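Below: one structure, written as structure tokens.
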Amino acid sequence: MANKQAPPQRGSGSHVPETHTVSGVTYRTADAEYFEKRQLKRAAGIFGLWGLAVGAVVSGNFSGWNFGIEFAGFGGMVIAFAILVVMYYGLIFSINEMAAAMPHTGGAYSFARAAMGPYAGFVTGLAETIEYVATTAVIVYFSSGYADAVASELVGIDLPSWIWWAILYTAFVALNSSGAAVSFRFAIVVSIISIVILFVFAGMALFSGKVDWGSLFDIVPDPGQTAFLPHGVLPILFALPFAMWFFLGIEELPLAAEEAHNPVRDIPKAALWARFTLIVTGVLVLFLNTAVLGASTTSTAGEPLLDGFRAIVGDGVAAVLALFALVGLLASLQGIMFAYGRNMYSLSRAGYYPKFLSLTGRTQTPWVALIAGALLGFFALNIVDLAGGADGVAGAVVLNIAVWGAVVAYIMQMISFLRLRKRFPNAKRPYRSPWGKFGAWAAAVVSAFIFLGFLLNPSYLPAIIAIIVIYAVMLITFWLWGRHRLIMSPEEEYALSGGLDVVDLDDLVAHDESDATVQDAAAEPDPVRD
């Protein structure tokens, strides 16, 4: 079995790299020059990681979540929210344990690779790529509408959507490529601003007299149903993907492991603080935004928070209000773009994706991966536009693809947690999940129900077809080409050592190109581990 084999030696000074075949895939041991071109820079403490996690998610408070009310009513949405609170606690506790044990940029791919082998690692990593690239595209789509409204109202500029998409992608690729320190500072600032906006809305709603608690249940119930669950119990299943927008993206923190000063300590703490922050903001928005507009209006609103502001203060300051909402969207745009850049970087560094995608350059950021993800997203948005925009089927396809990718990645990570506990019992675990196996099972079961909801809801069928096509193409490509060209990256070395070898990129770059083994490098002082 792969996890019981001794790791092969790293590349020597020879011009012909060593190759090793394990579990049906072939590895090449790369030399120090390979990793020198693929370095990241440590720039984040707990506060920066908190900002990254909150920023990646906070736009879900501004739009997207409310469509779940149309499926299940306000009562069903509250139940869906409560279920997801439990699911995400189990998920984050489990991910924190694995991230502390494997402080590599690979994140979900790394966990599944160690637990179930290279094919499972590829499937899981691809699911996260789909999730983050599609989520970025959805946020760019919504942001362009807000940006055009602000520009049209304040300066009289009205641009076609594709130009706004190009501007947003270009600006945020440049921001994320300028250096990790800049990215983390931006994440902190926009996260704080977004939270302030949400609390200002809550205060205005409570003191304006516009809150009508009775309107939470103004959806006319179906025959035999109640005002609390106007369409019955089953639609709660269909509301879960929309309730995920309150939390979708918080799981990205392990992707920042090689850019955190102390990932073993700081990622678990930042994840839990971010989790608490998002529960508070989610409760405020779910109850107050719906109580201001009424459940029936909220359920179909394209801009529910903005509409809530308008209901309180009128349309006279609509442009300013749209600017406020845009801040929240841009916070998530930066955070999710960071995630797809690191996800693609780690898979590329290990050879699952083309290796040029992991080049980092002078700023030590994965600028090639950032550009590649932007091009994919821009292409997807143009397909959306040709298919009828947000009112056509393609708009729902992109949003549902993002949620589907997340759900698959969640299930695979929870299976990985359970298998790692069994297969790597002696691996060092600096952080252990307080919920243990129960947390992983809880998150896996809820994720499986969300997945089932996709299969049962006919409106999700186009997204499922699109994902099947993507996976078929990528898996065939990996089988024919990629599996014979893998690189012995830190994530792969950890898996092959049985969880006993924690190696970061600094070890690989500084390594003397002699016949030293992976075990020798693991024995050197490691500031992250020791």
Side-chain angles (χ1 to χ4, degrees), residues 57-88 142 194-248 276-318 320-322 324-325 328 453 457 459:
V57 182
V58 74
S59 69
N61 291 275
F62 290 78
S63 59
W65 63 269
N66 54 299
F67 298 123
I69 295 177
E70 185 175 15
F71 280 102
F74 179 75
M77 190 65 179
V78 170
I79 293 173
F81 183 88
I83 291 172
L84 289 183
V85 167
V86 175
M87 185 193 90
Y88 273 93
F142 286 130
S194 299
I195 292 170
V196 169
I197 292 170
L198 294 173
F199 273 95
V200 167
F201 171 79
M204 291 173 63
L206 289 171
F207 292 103
S208 67
K210 297 292 185 178
V211 171
D212 179 5
W213 299 114
S215 69
L216 296 175
F217 307 103
D218 65 359
I219 294 177
V220 178
D222 297 337
Q225 304 300 334
T226 66
F228 186 77
L229 294 174
H231 306 306
V233 175
L234 181 62
I236 296 173
L237 199 62
F238 305 143
L240 286 170
F242 298 98
M244 283 179 64
W245 283 96
F246 284 117
F247 309 111
L248 182 69
F276 175 76
T277 303
L278 293 167
I279 290 174
V280 172
T281 57
V283 168
L284 290 176
V285 169
L286 176 59
F287 280 84
L288 294 177
N289 202 167
T290 309
V292 168
L293 295 177
S296 60
T297 300
T298 303
S299 67
T300 58
E303 305 161 341
L305 191 77
L306 183 56
D307 288 344
F309 270 121
R310 287 170 174 156
I312 296 171
V313 300
D315 293 327
V317 289
V320 176
L321 297 176
F324 287 162
N457 192 330
S459 64

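Predicted model, so just to flag it, every value in this text is computed and none were measured. Just the heavy atoms: all of them, side chains too, but no hydrogens, waters or symmetry mates, feed the values below.
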Where [X] and [Y] come nearest, the two heavy atoms and their spacing:
X      : Y      : answer
Ala239 : Gly68  : CB-O, 3.6 Å
Tyr88  : Met244 : OH-CE, 3.6 Å
Asn66  : Ala301 : ND2-O, 2.7 Å
Ala291 : Val211 : CB-CG1, 3.7 Å
Gly453 : Phe238 : O-CE2, 3.7 Å

Next item on the list: Go through Glu70 and Phe242 one step at a time and tell me if the side-chain contact (heavy atoms from CB on, under 4.5 Å) criterion holds.
Entry: CA-CA 10 Å; Glu70 185 175 15; Phe242 298 98; over 6 Å; no

Notebook entry, point to check: Side chain of Asp212, backbone of Gly294: donor and acceptor closer than 3.5 Å?
Noted result: no

Check: Do the side chain of Thr290 and the main chain of Phe287 share a donor and acceptor less than 3.5 angstrom apart?
Finding: no

Next item on the list: Kindly say whether the aromatic ring centers of Trp65 and Phe246 come within a distance under 6.0 Å.
Entry: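 Ring-ring flag for Trp65/Phe246: true, centres closer than 6.0 Å.
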
Next item on the list: Report yes if the distance between the aromatic ring centroids of Phe62 and Phe324 is under 6.0 Å, otherwise no.
Entry: no

Notebook entry, point to check: Does the pair Glu303 and Arg310 meet the rule for a side-chain contact (heavy atoms from CB on, under 4.5 Å), with working shown?
Noted result: CA-CA 10 Å; Glu303 305 161 341; Arg310 287 170 174 156; 3.4 Å; yes

Would you compute the distance between atom [atom1] of [X] and atom [atom2] of [Y] and round it to the nearest 0.5 angstrom?
X      : Y      : atom1 : atom2 : result
Ile79  : Leu237 : CD1   : CG    : 12.5 Å
Ile219 : Ser299 : CD1   : OG    : 5.0 Å
Leu84  : Met77  : CG    : CE    : 8.0 Å
Leu229 : Ile236 : CG    : CD1   : 5.0 Å

Next item on the list: Could you label the plane-to-plane angle of the Phe74 and Phe217 rings as parallel, tilted or perpendicular, counting under 30° as parallel and over 60° as perpendicular?
Entry: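 Because their plane-to-plane angle is over 60°, the rings of Phe74 and Phe217 count as perpendicular.
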
May I ask you to test the [X]-[Y] pair for a side-chain heavy-atom distance under 4.5 Å?
X      : Y      : result
Phe199 : Val280 : yes
Leu248 : Val57  : no
Asn61  : Asn289 : no
Asp218 : Thr297 : no
Leu286 : Val283 : no
Val292 : Thr298 : no
Leu288 : Leu206 : yes
Phe228 : Leu216 : no

Item checked: Chi angles and distances behind the side-chain contact (heavy atoms from CB on, under 4.5 Å) call for Ile312, Phe201 -> CA-CA 9 Å; Ile312 296 171; Phe201 171 79; 3.9 Å; yes

Check: So Leu305 and Leu198, side-chain contact (heavy atoms from CB on, under 4.5 Å) or not? Walk me through it.
Finding: CA-CA 9 Å; Leu305 191 77; Leu198 294 173; 3.8 Å; yes

